[in-house]
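Remarks on the structure that follows.
Bear in mind that the values here come from a model prediction, so they are computed numbers and not experimental data.
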Amino acid sequence: MEDNNKMVSEVRKARALAVNLAREVDMKNQKIWEMERYIEDISSRLNSMIAEKDRMNHAFSEEMRKMQVIGMQNAKLKSELECQISNMHLLVQESENLKEEVACQRKELEQRANELQKRESQLDNERTSFYLEKEKIAQNPFDSDYSMTVHINGLRDRLTEKEEELHDMDNLNQTLILREHMSNNELQAARKELINVLPHILESNSVIGLKRMGEVVQKPFQDVCMQRFSAQDWELRSVELSSLWQDKVNNPNWHPFKQVVKDGRMQEIIDEDDSDLRELKSQWGEEACKAVVNALLELNEYNPSGRYVISELWNFKEGRKANLKEVIECLIQQLKASRSLKRRREGQR
(Lines give C-alpha, C1' and ligand atoms only; values in the text may rest on other atoms or scores of the structure.)
Protein backbone atom coordinates (compact mmCIF):
# COMPACT_ATOMS: atom_id res chain seq x y z
CA MET A 1 0.00 0.00 0.00
CA GLU A 2 2.75 2.34 0.89
CA ASP A 3 4.54 1.40 -2.30
CA ASN A 4 1.48 2.37 -4.32
CA ASN A 5 1.17 5.70 -2.57
CA LYS A 6 4.82 6.34 -3.17
CA MET A 7 4.48 5.58 -6.88
CA VAL A 8 1.42 7.80 -7.15
CA SER A 9 3.36 10.58 -5.48
CA GLU A 10 6.28 10.14 -7.85
CA VAL A 11 3.95 10.04 -10.83
CA ARG A 12 2.34 13.27 -9.66
CA LYS A 13 5.76 14.86 -9.26
CA ALA A 14 6.81 13.64 -12.66
CA ARG A 15 3.57 14.94 -14.16
CA ALA A 16 4.06 18.32 -12.48
CA LEU A 17 7.66 18.40 -13.71
CA ALA A 18 6.51 17.51 -17.22
CA VAL A 19 3.90 20.26 -17.08
CA ASN A 20 6.50 22.77 -15.90
CA LEU A 21 8.94 21.63 -18.56
CA ALA A 22 6.22 21.86 -21.22
CA ARG A 23 5.35 25.39 -20.01
CA GLU A 24 9.03 26.37 -20.15
CA VAL A 25 9.30 24.87 -23.62
CA ASP A 26 6.25 26.89 -24.77
CA MET A 27 7.71 30.06 -23.28
CA LYS A 28 11.06 29.42 -24.98
CA ASN A 29 9.30 28.63 -28.25
CA GLN A 30 7.39 31.91 -27.89
CA LYS A 31 10.67 33.77 -27.26
CA ILE A 32 12.26 32.01 -30.23
CA TRP A 33 9.29 33.03 -32.43
CA GLU A 34 9.51 36.59 -31.18
CA MET A 35 13.27 36.61 -31.82
CA GLU A 36 12.69 35.29 -35.33
CA ARG A 37 10.10 38.00 -35.95
CA TYR A 38 12.50 40.62 -34.58
CA ILE A 39 15.33 39.29 -36.75
CA GLU A 40 13.06 39.34 -39.80
CA ASP A 41 12.07 42.93 -39.01
CA ILE A 42 15.71 43.96 -38.53
CA SER A 43 16.67 42.14 -41.72
CA SER A 44 13.87 43.89 -43.63
CA ARG A 45 14.95 47.28 -42.27
CA LEU A 46 18.57 46.52 -43.09
CA ASN A 47 17.64 45.59 -46.64
CA SER A 48 15.62 48.81 -46.94
CA MET A 49 18.54 50.81 -45.59
CA ILE A 50 20.92 49.10 -48.02
CA ALA A 51 18.51 49.83 -50.90
CA GLU A 52 18.16 53.45 -49.74
CA LYS A 53 21.91 53.72 -49.46
CA ASP A 54 22.33 52.36 -52.97
CA ARG A 55 19.69 54.79 -54.23
CA MET A 56 21.37 57.70 -52.45
CA ASN A 57 24.76 56.66 -53.80
CA HIS A 58 23.29 56.53 -57.30
CA ALA A 59 21.59 59.90 -56.81
CA PHE A 60 24.83 61.34 -55.41
CA SER A 61 26.78 60.04 -58.38
CA GLU A 62 24.16 61.47 -60.73
CA GLU A 63 24.26 64.85 -58.97
CA MET A 64 28.05 64.83 -59.07
CA ARG A 65 27.91 64.10 -62.78
CA LYS A 66 25.42 66.94 -63.25
CA MET A 67 27.60 69.24 -61.14
CA GLN A 68 30.58 68.38 -63.29
CA VAL A 69 28.56 69.13 -66.43
CA ILE A 70 27.32 72.39 -64.90
CA GLY A 71 30.87 73.21 -63.83
CA MET A 72 32.10 72.65 -67.37
CA GLN A 73 29.24 74.76 -68.73
CA ASN A 74 29.95 77.50 -66.18
CA ALA A 75 33.63 77.44 -67.10
CA LYS A 76 32.68 77.74 -70.77
CA LEU A 77 30.22 80.56 -70.03
CA LYS A 78 32.81 82.28 -67.87
CA SER A 79 35.35 82.04 -70.66
CA GLU A 80 32.81 83.41 -73.14
CA LEU A 81 31.92 86.17 -70.67
CA GLU A 82 35.57 87.11 -70.26
CA CYS A 83 35.89 87.20 -74.02
CA GLN A 84 32.77 89.38 -74.32
CA ILE A 85 34.00 91.71 -71.58
CA SER A 86 37.37 91.97 -73.32
CA ASN A 87 35.65 92.72 -76.62
CA MET A 88 33.39 95.25 -74.91
CA HIS A 89 36.41 96.85 -73.29
CA LEU A 90 38.10 97.16 -76.66
CA LEU A 91 34.90 98.50 -78.17
CA VAL A 92 34.60 101.11 -75.43
CA GLN A 93 38.23 102.15 -75.90
CA GLU A 94 37.71 102.40 -79.66
CA SER A 95 34.50 104.34 -79.11
CA GLU A 96 36.21 106.69 -76.66
CA ASN A 97 39.05 107.24 -79.13
CA LEU A 98 36.54 107.75 -81.90
CA LYS A 99 34.59 110.23 -79.78
CA GLU A 100 37.78 112.17 -79.06
CA GLU A 101 38.66 112.11 -82.73
CA VAL A 102 35.16 113.26 -83.69
CA ALA A 103 35.33 116.01 -81.03
CA CYS A 104 38.64 117.22 -82.46
CA GLN A 105 37.28 117.05 -85.99
CA ARG A 106 34.12 118.84 -84.87
CA LYS A 107 36.26 121.60 -83.38
CA GLU A 108 38.22 121.75 -86.60
CA LEU A 109 34.95 121.76 -88.51
CA GLU A 110 33.69 124.70 -86.46
CA GLN A 111 36.92 126.58 -87.19
CA ARG A 112 36.61 125.78 -90.87
CA ALA A 113 32.95 126.75 -90.79
CA ASN A 114 33.91 130.15 -89.43
CA GLU A 115 36.58 130.39 -92.07
CA LEU A 116 34.05 129.24 -94.64
CA GLN A 117 31.67 132.00 -93.64
CA LYS A 118 34.44 134.53 -94.05
CA ARG A 119 35.37 133.08 -97.43
CA GLU A 120 31.73 133.01 -98.49
CA SER A 121 31.46 136.66 -97.54
CA GLN A 122 34.63 137.41 -99.53
CA LEU A 123 33.33 135.31 -102.40
CA ASP A 124 30.03 137.20 -102.40
CA ASN A 125 31.95 140.49 -102.50
CA GLU A 126 34.20 139.27 -105.28
CA ARG A 127 31.24 137.83 -107.17
CA THR A 128 29.46 141.18 -106.85
CA SER A 129 32.59 142.97 -108.09
CA PHE A 130 32.88 140.51 -110.94
CA TYR A 131 29.31 141.06 -112.08
CA LEU A 132 29.69 144.82 -111.72
CA GLU A 133 32.82 144.72 -113.86
CA LYS A 134 31.11 142.43 -116.32
CA GLU A 135 28.13 144.77 -116.61
CA LYS A 136 30.48 147.72 -116.99
CA ILE A 137 32.29 145.98 -119.81
CA ALA A 138 29.00 144.97 -121.38
CA GLN A 139 27.86 148.59 -121.29
CA ASN A 140 31.17 149.91 -122.67
CA PRO A 141 32.60 147.14 -124.86
CA PHE A 142 34.90 149.47 -126.73
CA ASP A 143 36.51 150.80 -123.53
CA SER A 144 37.71 147.37 -122.45
CA ASP A 145 41.32 146.54 -122.93
CA TYR A 146 43.67 143.68 -122.32
CA SER A 147 44.28 144.50 -118.64
CA MET A 148 40.57 144.46 -117.96
CA THR A 149 40.26 141.05 -119.60
CA VAL A 150 43.13 139.72 -117.50
CA HIS A 151 41.49 141.15 -114.39
CA ILE A 152 38.19 139.48 -115.18
CA ASN A 153 39.85 136.15 -115.92
CA GLY A 154 41.67 136.43 -112.59
CA LEU A 155 38.40 137.09 -110.81
CA ARG A 156 36.81 134.13 -112.58
CA ASP A 157 39.68 131.84 -111.57
CA ARG A 158 39.48 133.04 -107.99
CA LEU A 159 35.75 132.44 -107.95
CA THR A 160 36.25 128.91 -109.29
CA GLU A 161 38.92 128.26 -106.67
CA LYS A 162 36.69 129.54 -103.88
CA GLU A 163 33.80 127.42 -105.08
CA GLU A 164 36.02 124.33 -105.10
CA GLU A 165 37.16 125.12 -101.54
CA LEU A 166 33.56 125.47 -100.47
CA HIS A 167 32.73 122.13 -102.10
CA ASP A 168 35.67 120.43 -100.36
CA MET A 169 34.71 121.84 -96.98
CA ASP A 170 31.12 120.72 -97.50
CA ASN A 171 32.34 117.19 -98.29
CA LEU A 172 34.50 117.23 -95.15
CA ASN A 173 31.52 118.38 -93.12
CA GLN A 174 29.38 115.53 -94.44
CA THR A 175 32.18 113.03 -93.70
CA LEU A 176 32.50 114.23 -90.12
CA ILE A 177 28.74 114.07 -89.61
CA LEU A 178 28.68 110.52 -91.02
CA ARG A 179 31.54 109.40 -88.74
CA GLU A 180 29.84 110.91 -85.72
CA HIS A 181 26.61 109.13 -86.67
CA MET A 182 28.47 105.81 -87.03
CA SER A 183 30.18 106.32 -83.67
CA ASN A 184 26.86 106.99 -81.98
CA ASN A 185 25.36 103.88 -83.61
CA GLU A 186 28.24 101.75 -82.34
CA LEU A 187 27.86 103.14 -78.82
CA GLN A 188 24.11 102.54 -78.84
CA ALA A 189 24.64 98.95 -80.08
CA ALA A 190 27.13 98.33 -77.27
CA ARG A 191 24.69 99.75 -74.69
CA LYS A 192 21.87 97.53 -75.99
CA GLU A 193 24.09 94.43 -75.82
CA LEU A 194 25.12 95.25 -72.25
CA ILE A 195 21.49 95.83 -71.24
CA ASN A 196 20.67 92.33 -72.56
CA VAL A 197 23.49 90.50 -70.77
CA LEU A 198 23.90 92.46 -67.51
CA PRO A 199 20.95 90.87 -65.65
CA HIS A 200 22.63 87.46 -66.01
CA ILE A 201 26.11 88.44 -64.85
CA LEU A 202 25.95 91.44 -62.49
CA GLU A 203 25.55 90.98 -58.75
CA SER A 204 22.41 92.39 -57.14
CA ASN A 205 24.33 94.79 -54.87
CA SER A 206 26.45 96.21 -57.69
CA VAL A 207 26.86 99.98 -57.97
CA ILE A 208 26.29 99.72 -61.74
CA GLY A 209 23.14 98.01 -62.94
CA LEU A 210 19.89 98.38 -64.83
CA LYS A 211 17.19 100.87 -63.92
CA ARG A 212 13.71 100.53 -65.39
CA MET A 213 13.00 104.04 -66.63
CA GLY A 214 9.36 105.06 -66.37
CA GLU A 215 8.41 102.36 -63.86
CA VAL A 216 6.16 103.52 -61.00
CA VAL A 217 7.80 102.67 -57.65
CA GLN A 218 5.40 100.53 -55.55
CA LYS A 219 6.69 101.37 -52.06
CA PRO A 220 4.73 104.64 -51.57
CA PHE A 221 1.51 102.81 -52.48
CA GLN A 222 2.43 99.93 -50.17
CA ASP A 223 3.06 102.32 -47.28
CA VAL A 224 -0.27 104.12 -47.62
CA CYS A 225 -2.21 100.87 -48.18
CA MET A 226 -0.68 99.30 -45.06
CA GLN A 227 -2.14 102.18 -43.06
CA ARG A 228 -5.60 102.13 -44.63
CA PHE A 229 -6.39 98.46 -45.29
CA SER A 230 -6.35 95.19 -43.37
CA ALA A 231 -3.41 92.79 -43.31
CA GLN A 232 -5.23 90.55 -45.80
CA ASP A 233 -6.08 93.29 -48.30
CA TRP A 234 -3.33 95.95 -48.27
CA GLU A 235 -0.86 94.10 -50.49
CA LEU A 236 -3.43 93.35 -53.21
CA ARG A 237 -4.74 96.93 -53.11
CA SER A 238 -1.22 98.39 -53.42
CA VAL A 239 -0.52 96.21 -56.46
CA GLU A 240 -3.81 97.25 -58.04
CA LEU A 241 -3.10 100.95 -57.42
CA SER A 242 0.49 100.89 -58.72
CA SER A 243 -0.62 98.89 -61.81
CA LEU A 244 -3.44 101.37 -62.44
CA TRP A 245 -1.08 104.35 -62.37
CA GLN A 246 1.55 102.50 -64.39
CA ASP A 247 -1.02 101.98 -67.14
CA LYS A 248 -1.91 105.66 -66.92
CA VAL A 249 1.76 106.70 -67.17
CA ASN A 250 2.15 104.48 -70.26
CA ASN A 251 -0.93 105.99 -71.90
CA PRO A 252 0.27 108.42 -74.66
CA ASN A 253 -3.07 110.26 -74.48
CA TRP A 254 -2.26 111.46 -70.96
CA HIS A 255 0.30 114.24 -71.14
CA PRO A 256 0.35 116.23 -67.86
CA PHE A 257 3.11 118.59 -69.00
CA LYS A 258 3.30 122.27 -69.80
CA GLN A 259 5.87 124.24 -71.78
CA VAL A 260 7.89 127.02 -70.18
CA VAL A 261 10.86 129.09 -71.27
CA LYS A 262 13.92 128.39 -69.14
CA ASP A 263 17.43 129.73 -69.82
CA GLY A 264 16.19 130.98 -73.17
CA ARG A 265 14.93 127.56 -74.25
CA MET A 266 11.47 126.00 -74.38
CA GLN A 267 11.20 123.12 -71.90
CA GLU A 268 8.49 120.75 -70.70
CA ILE A 269 7.75 120.48 -66.99
CA ILE A 270 5.06 118.68 -64.97
CA ASP A 271 1.74 120.50 -64.86
CA GLU A 272 0.95 120.42 -61.14
CA ASP A 273 -2.58 121.63 -61.88
CA ASP A 274 -3.37 118.46 -63.83
CA SER A 275 -6.64 117.09 -62.44
CA ASP A 276 -5.46 113.47 -62.27
CA LEU A 277 -2.28 114.35 -60.41
CA ARG A 278 -4.18 116.56 -57.99
CA GLU A 279 -6.65 113.76 -57.32
CA LEU A 280 -3.79 111.27 -56.80
CA LYS A 281 -2.07 113.58 -54.34
CA SER A 282 -5.32 114.26 -52.49
CA GLN A 283 -6.36 110.60 -52.18
CA TRP A 284 -3.05 108.75 -51.78
CA GLY A 285 -0.56 111.31 -50.55
CA GLU A 286 2.52 113.26 -51.60
CA GLU A 287 4.89 110.27 -51.91
CA ALA A 288 2.58 108.31 -54.24
CA CYS A 289 2.21 111.42 -56.40
CA LYS A 290 6.02 111.84 -56.51
CA ALA A 291 6.43 108.21 -57.65
CA VAL A 292 4.08 108.82 -60.60
CA VAL A 293 5.67 112.18 -61.45
CA ASN A 294 9.18 110.65 -61.46
CA ALA A 295 7.99 107.87 -63.77
CA LEU A 296 6.47 110.48 -66.11
CA LEU A 297 9.67 112.55 -66.16
CA GLU A 298 11.80 109.47 -66.87
CA LEU A 299 9.60 108.38 -69.77
CA ASN A 300 9.49 111.91 -71.15
CA GLU A 301 13.30 111.97 -71.15
CA TYR A 302 14.22 108.41 -72.16
CA ASN A 303 11.27 107.17 -74.23
CA PRO A 304 8.87 110.04 -75.07
CA SER A 305 7.68 108.52 -78.35
CA GLY A 306 7.07 104.97 -77.07
CA ARG A 307 5.69 105.75 -73.58
CA TYR A 308 6.62 102.32 -72.20
CA VAL A 309 9.14 101.25 -69.58
CA ILE A 310 12.69 100.69 -70.87
CA SER A 311 15.89 99.54 -69.16
CA GLU A 312 18.89 101.86 -68.94
CA LEU A 313 22.46 101.43 -67.69
CA TRP A 314 22.52 103.24 -64.37
CA ASN A 315 25.04 104.40 -61.76
CA PHE A 316 23.04 103.88 -58.54
CA LYS A 317 25.73 105.46 -56.36
CA GLU A 318 25.58 108.78 -58.20
CA GLY A 319 21.97 108.50 -59.38
CA ARG A 320 22.66 109.05 -63.08
CA LYS A 321 23.02 107.29 -66.41
CA ALA A 322 26.14 105.11 -66.50
CA ASN A 323 28.58 105.33 -69.39
CA LEU A 324 30.08 102.29 -71.09
CA LYS A 325 33.48 102.78 -69.48
CA GLU A 326 31.95 102.55 -65.98
CA VAL A 327 30.02 99.39 -66.89
CA ILE A 328 33.10 97.63 -68.30
CA GLU A 329 35.22 98.62 -65.28
CA CYS A 330 32.51 97.28 -62.95
CA LEU A 331 32.39 93.95 -64.83
CA ILE A 332 36.19 93.64 -64.73
CA GLN A 333 36.26 94.35 -60.96
CA GLN A 334 33.51 91.77 -60.37
CA LEU A 335 35.38 89.21 -62.45
CA LYS A 336 38.60 89.83 -60.50
CA ALA A 337 36.73 89.49 -57.19
CA SER A 338 35.17 86.23 -58.38
CA ARG A 339 38.59 84.84 -59.33
CA SER A 340 40.07 85.89 -55.98
CA LEU A 341 37.20 84.23 -54.07
CA LYS A 342 37.60 81.05 -56.09
CA ARG A 343 41.34 80.92 -55.36
CA ARG A 344 40.68 81.37 -51.60
CA ARG A 345 38.14 78.56 -51.60
CA GLU A 346 40.51 76.26 -53.46
CA GLY A 347 43.27 77.16 -50.97
CA GLN A 348 41.02 76.27 -48.01
CA ARG A 349 40.43 72.83 -49.47
Side-chain angles (χ1 to χ4, degrees), residues 77 188-262 266-324 326-327 330-331 334:
L77 289 174
Q188 291 303 319
R191 293 187 73 87
K192 288 181 180 179
E193 184 64 24
L194 284 171
I195 288 172
N196 291 332
V197 302
L198 278 186
H200 307 291
I201 57 179
L202 267 185
E203 298 175 353
S204 58
N205 60 347
S206 175
V207 173
I208 303 297
L210 294 182
K211 177 176 171 59
R212 289 173 58 80
M213 312 306 294
E215 186 173 62
V216 176
V217 179
Q218 294 187 5
K219 189 177 186 306
F221 292 97
Q222 292 174 348
D223 292 341
V224 70
C225 287
M226 285 179 66
Q227 298 174 3
R228 298 190 184 182
F229 301 105
S230 64
Q232 293 80 14
D233 296 337
W234 74 265
E235 190 170 3
L236 178 60
R237 293 300 301 271
S238 69
V239 172
E240 290 175 348
L241 274 173
S242 58
S243 297
L244 172 67
W245 282 99
Q246 184 67 67
D247 291 340
K248 199 165 185 63
V249 167
N250 293 347
N251 184 1
N253 295 323
W254 186 47
H255 195 76
F257 293 89
K258 62 182 180 180
Q259 292 187 340
V260 297
V261 178
K262 187 176 181 181
M266 188 69 71
Q267 296 183 6
E268 282 193 335
I269 63 172
I270 290 292
D271 184 4
E272 296 180 356
D273 293 328
D274 180 81
S275 58
D276 292 328
L277 290 178
R278 292 178 64 181
E279 182 181 357
L280 170 63
K281 186 176 181 179
S282 173
Q283 290 187 359
W284 303 106
E286 180 76 23
E287 294 302 318
C289 185
K290 284 183 179 179
V292 173
V293 167
N294 288 337
L296 282 167
L297 292 172
E298 288 175 354
L299 273 188
N300 203 43
E301 179 179 358
Y302 290 93
N303 192 19
S305 59
R307 286 298 288 270
Y308 55 84
V309 177
I310 61 171
S311 296
E312 184 56 80
L313 301 175
W314 199 255
N315 186 323
F316 290 100
K317 183 178 181 180
E318 300 184 11
R320 60 170 175 78
K321 188 176 178 179
N323 58 49
L324 291 179
E326 290 174 327
V327 178
C330 180
L331 289 174
Q334 180 176 309

Would you say the side-chain atoms of [X] pair up with the backbone N or O of [Y], donor to acceptor, closer than 3.5 Å?
X: Arg212; Y: Ser311; result: no
X: Gln283; Y: Leu280; result: no
X: Ser242; Y: Val239; result: yes
X: Asn251; Y: Asp247; result: no
X: Glu298; Y: Gly214; result: yes
X: Arg307; Y: Val249; result: yes
X: Asn315; Y: Lys321; result: no

Given side chains that start at C-beta, do those of [X] and [Y] come closer than 4.5 Å, heavy atoms only?
X: Asp276; Y: Lys248; result: yes
X: Glu268; Y: His255; result: yes
X: Phe221; Y: Val292; result: yes
X: Trp245; Y: Gln218; result: no

By side chain to side chain donor-acceptor pair (under 3.5 Å) - contacts of Gln227 (at least two apart):
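Once residues adjacent in sequence are excluded, Gln227 has no partner under the side chain to side chain donor-acceptor pair (under 3.5 Å) criterion.
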At their closest point, which heavy atom of [X] faces which heavy atom of [Y], and how far apart are they?
X: Arg278; Y: Asp273; answer: CD-O, 3.5 Å
X: Ile310; Y: Asn303; answer: CG2-ND2, 3.6 Å
X: Phe257; Y: Leu296; answer: CZ-O, 3.8 Å
X: Trp254; Y: Asp274; answer: NE1-OD2, 3.4 Å
X: Lys258; Y: Ile270; answer: CE-O, 4.1 Å
X: Ala322; Y: Glu326; answer: CA-OE1, 3.3 Å

Quick check: are there more than 12 heavy atoms from other residues, nucleotides or ligands sitting under 6.0 Å from CZ of Arg320?
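Yes.
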Would you say that more than 12 heavy atoms from the other residues, nucleotides or ligands in this model lie under 6.0 Å from the CD of Glu272, or not?
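For Glu272, atom CD is not crowded (no more than 12 foreign heavy atoms under 6.0 Å).
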From [X] atom [atom1] to [Y] atom [atom2], the distance as rounded to the nearest 0.5 Å:
X: Leu299; Y: Glu215; atom1: CG; atom2: CD; value: 10.5 Å
X: Asp271; Y: Leu277; atom1: CG; atom2: CG; value: 8.0 Å
X: Leu210; Y: Leu313; atom1: CG; atom2: CG; value: 6.0 Å
X: Met213; Y: Tyr302; atom1: CE; atom2: OH; value: 4.5 Å
X: Lys262; Y: Met266; atom1: NZ; atom2: CE; value: 14.0 Å

Indicate yes or no: does Asp223 engage Lys219 in a salt bridge with an N to O separation below 4.0 Å.
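A salt bridge is present here (some side-chain N lies under 4.0 Å from a carboxylate O).
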Indicate yes or no: does Lys281 engage Glu287 in a salt bridge with an N to O separation below 4.0 Å.
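Looking at Glu287 together with Lys281, the answer is no, because their closest N to O distance does not fall below 4.0 Å.
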Report the residues that fulfil side-chain contact (heavy atoms from CB on, under 4.5 Å) with Cys225, sequence neighbours left out, ordered by chain and then residue number.
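By the side-chain contact (heavy atoms from CB on, under 4.5 Å) rule, Cys225 matches Phe229, Trp234, Arg237, Ser238, Leu241.
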